[in-house]
> 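Right, I'll just put the structure down here and ask away after.
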Protein chains: 2
Amino acid sequence: MALIDLFGEDSVVQGRQVRTEPIQQRSAARLTALLDAAAEVVDEVGFDRITTAMVAERAGASIGTVYRYYPDRVAVLEGLRERAVLRFRQRVAESLKETQPKTWWEAVDCGVTAFVELYRAEPGFRILHFADRERAQSSVPDELATGFFAHQIAGVLTEEFGLAAGDDLIFRLEVAVEMADSLLSRAFTWNAQGDERFIAECRRIMHDYLAGFYGTDA
Amino acid sequence: MALIDLFGEDSVVQGRQVRTEPIQQRSAARLTALLDAAAEVVDEVGFDRITTAMVAERAGASIGTVYRYYPDRVAVLEGLRERAVLRFRQRVAESLKETQPKTWWEAVDCGVTAFVELYRAEPGFRILHFADRERAQSSVPDELATGFFAHQIAGVLTEEFGLAAGDDLIFRLEVAVEMADSLLSRAFTWNAQGDERFIAECRRIMHDYLAGFYGTDA
DNA sequence: CAGCCATGATCGAGTTCCGTTCCGTCAGCA
DNA sequence: TGCTGACGGAACGGAACTCGATCATGGCTG
């Protein structure tokens, strides 16, 4: 199994948050414009204060258009999150292709790098960490949860670097993903460029935590 | 410095989220009733769906009373968070007094235990982790952030167990607190009693991470 | 110690704002 | 040129929040 298959866009299940699939071409542009607008507004006023009117105005659309594509306010944020996840995975896929990692550690590191880069460059990317929590109380675990990432990564590590597959690996990776998400988000909490200390410590912890179980490198 | 001084209620700075300090006795009862109501409602309908009307009704008060004490809806949640932090610290203080830890590790473990117990028993306790994220975009680091905990814990570990004080210790602890918060919240995300696997792994990781820097135990 | 009353506390109808709907109109495609 | 997808924005419902009327408390006074 190629890395690109695990992290490429092919394997992303289309979300259910969109009301009407865009048929005409202009509507696809509308959709991205709406999400771009939502991303900006989220960064400016926060998750609580965002209003559908703000999103519509910023996107140069009317209220009705927002509701044409999304059933409600929360769905817009979920759409934003879904796109962020997609972009993250694409970025990881690119990073893997460029880096051609020789060890499992280098592969994991690609994930950290991709995360940091997107946090820096992508408006509204912080929604990734946020939505994690809010989701908890309502729904069933979905394929965007950390557990899903854990499975994806497990696939890569197993296929490419021969790590022993199994529940232990999955669990380890889920813990690792949770910690990394937490530390990297912390790095960006009060520093738009990301506090290098936390980023570096995150890399170190990931390495030590996974190495402690699967042997140092290789 | 006694442990109780670091974690007792004395050192808690009164929050600013309350509009009017209660003067008469009944209003103090009102305030706790409002927070109790908010805690229940949060657990039932989530952070998004909570309304001031729900809180008022559950507390047996009118809308106006809610707004007498809190400037807006979000402030109620912040008040709830502040109380949760307070209770966590009190619980840690109790736990330390009972346990009489002999090693730094036992002391840290008290923190984990307190967190787990409160998560299980205290309605709305999950707000601790939630609010962490939302807070980030608006305000300056406050004394309820993880950094504050790190300082508190550093004080205990330095005074009681002779660990070397300094920025390194503070940073380590901040990272540890962040990871613990993340893993423990994950333990409770889809399991009201807390997934024991994550709780145990959290303890192990805390121990290894801190021990790796300061030497095993003692 | 009873009663007074300044002031804290409460209430809830009313106002404003926001989420959401709905239908009339416009634009792309055949 | 008609048919269907896309769009706009007024209108509706409900939730956040205000405000002046009203009630309760507890210190003070005689």
Side-chain angles (χ1 to χ4, degrees), chain A residues 14 16-42 44-81 127 131 134 138, chain B residues 14 16-42 44-81 127 131 134 138:
Chain A
Q14 187 54 260
R16 292 149 213 77
Q17 86 289 1
V18 180
R19 251 182 173 168
T20 307
E21 218 51 34
I23 308 278
Q24 301 181 3
Q25 210 168 22
R26 61 170 170 167
S27 62
R30 272 282 190 224
L31 234 168
T32 66
L34 284 175
L35 290 184
D36 289 345
E40 287 176 25
V41 175
V42 155
E44 286 169 24
V45 307
F47 302 103
D48 276 350
R49 317 269 182 207
I50 192 175
T51 71
T52 52
M54 289 181 197
V55 175
E57 189 189 356
R58 183 69 61 102
S62 71
I63 288 292
T65 301
V66 174
Y67 283 90
R68 167 154 199 86
Y69 294 107
Y70 295 99
D72 59 26
R73 195 183 69 99
V74 177
V76 177
L77 293 175
E78 278 169 13
L80 183 58
R81 174 161 173 268
I127 196 165
E134 190 58 13
S138 60
Chain B
Q14 187 54 258
R16 292 152 213 73
Q17 87 289 2
V18 179
R19 252 183 172 167
T20 307
E21 218 51 35
I23 308 279
Q24 301 179 2
Q25 211 165 21
R26 59 172 169 163
S27 63
R30 271 280 190 229
L31 236 167
T32 66
L34 285 175
L35 290 184
D36 288 346
E40 286 177 26
V41 175
V42 155
E44 286 168 24
V45 307
F47 301 105
D48 275 352
R49 318 268 181 212
I50 192 173
T51 72
T52 52
M54 289 181 197
V55 175
E57 188 189 357
R58 182 70 61 102
S62 70
I63 289 290
T65 300
V66 174
Y67 283 91
R68 167 158 197 82
Y69 293 107
Y70 296 99
D72 60 25
R73 195 182 70 98
V74 177
V76 177
L77 294 176
E78 278 169 13
L80 183 58
R81 172 162 174 268
I127 194 160
E134 192 56 14
S138 60

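In this text the structure is predicted, and so the values were computed from the model without any measurement. Proteins get letters first, then strands, A, B, ... in listed order; numbering begins at 1 in each. In what follows, every heavy atom counts, from backbone to side chain, and hydrogens, waters and symmetry copies are set aside.
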> If you only use heavy atoms from C-beta on, which nucleotide in D:dC17, D:dA16, C:dG8 is closest to the side chain of B:Thr52?
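Nearest nucleotide to the side chain: D:dA16.
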
> With nearest nucleotides of DNA chain D determined for B:Gly64 and B:Tyr67 from heavy-atom distances, which residue corresponds to the more 5′ nucleotide?
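On the 5' side of the pair lies B:Tyr67.
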
> Does B:Tyr69 put a side-chain nitrogen or oxygen below 4.0 Å from OP1 or OP2 of C:dT10?
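Yes.
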
> How long is the line joining CZ of A:Arg30 and P of C:dC26, in whole Å?
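Rounded to whole Å, this separation is 16 Å.
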
> For a side chain to side chain contact (heavy atoms under 4.5 Å, CB included) with A:Leu34, tell me which candidate from A:Leu80, A:Val76, A:Val66, A:Thr52 qualifies.
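So the option named by the test is A:Val66.
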
> Which pair of non-hydrogen atoms, one from A:Ala59 and one from A:Ala33, has the smallest distance, and what is that distance?
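Residues A:Ala59 and A:Ala33, closest heavy atoms: CB-O, 3.7 Å.
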
> State the CD1-CD1 distance between A:Ile50 and A:Ile127, to the nearest 0.5 angstrom.
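Rounded to the nearest 0.5 Å, the CD1-CD1 separation comes to 7.5 Å.
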
> Residues in side chain to side chain donor-acceptor pair (under 3.5 Å) with B:Glu57, at least two apart?
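Testing B:Glu57 for side chain to side chain donor-acceptor pair (under 3.5 Å), a comparison that skips the adjacent residues, returns none.
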
> Are A:Thr65 and D:dG8 close enough that a side-chain N or O sits under 4.0 Å from OP1 or OP2?
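Yes, A:Thr65 has a side-chain N/O under 4.0 Å of OP1/OP2 on D:dG8.
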
> For the side chain of B:Thr51, starting at C-beta, report the closest nucleotide among D:dA15, C:dC11, D:dG8.
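Side chain of B:Thr51 sits closest to D:dA15.
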
> Between C:dC17 atom P and B:Arg73 atom CZ, what is the distance in whole Å?
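My rounded result for the distance is 18 Å.
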
> From the options C:dT10, C:dT20, D:dC17, select the nucleotide whose nearest atom is closest to the side chain of B:Ile63.
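Given the options C:dT10, C:dT20, D:dC17, the side chain of B:Ile63 is closest to D:dC17.
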
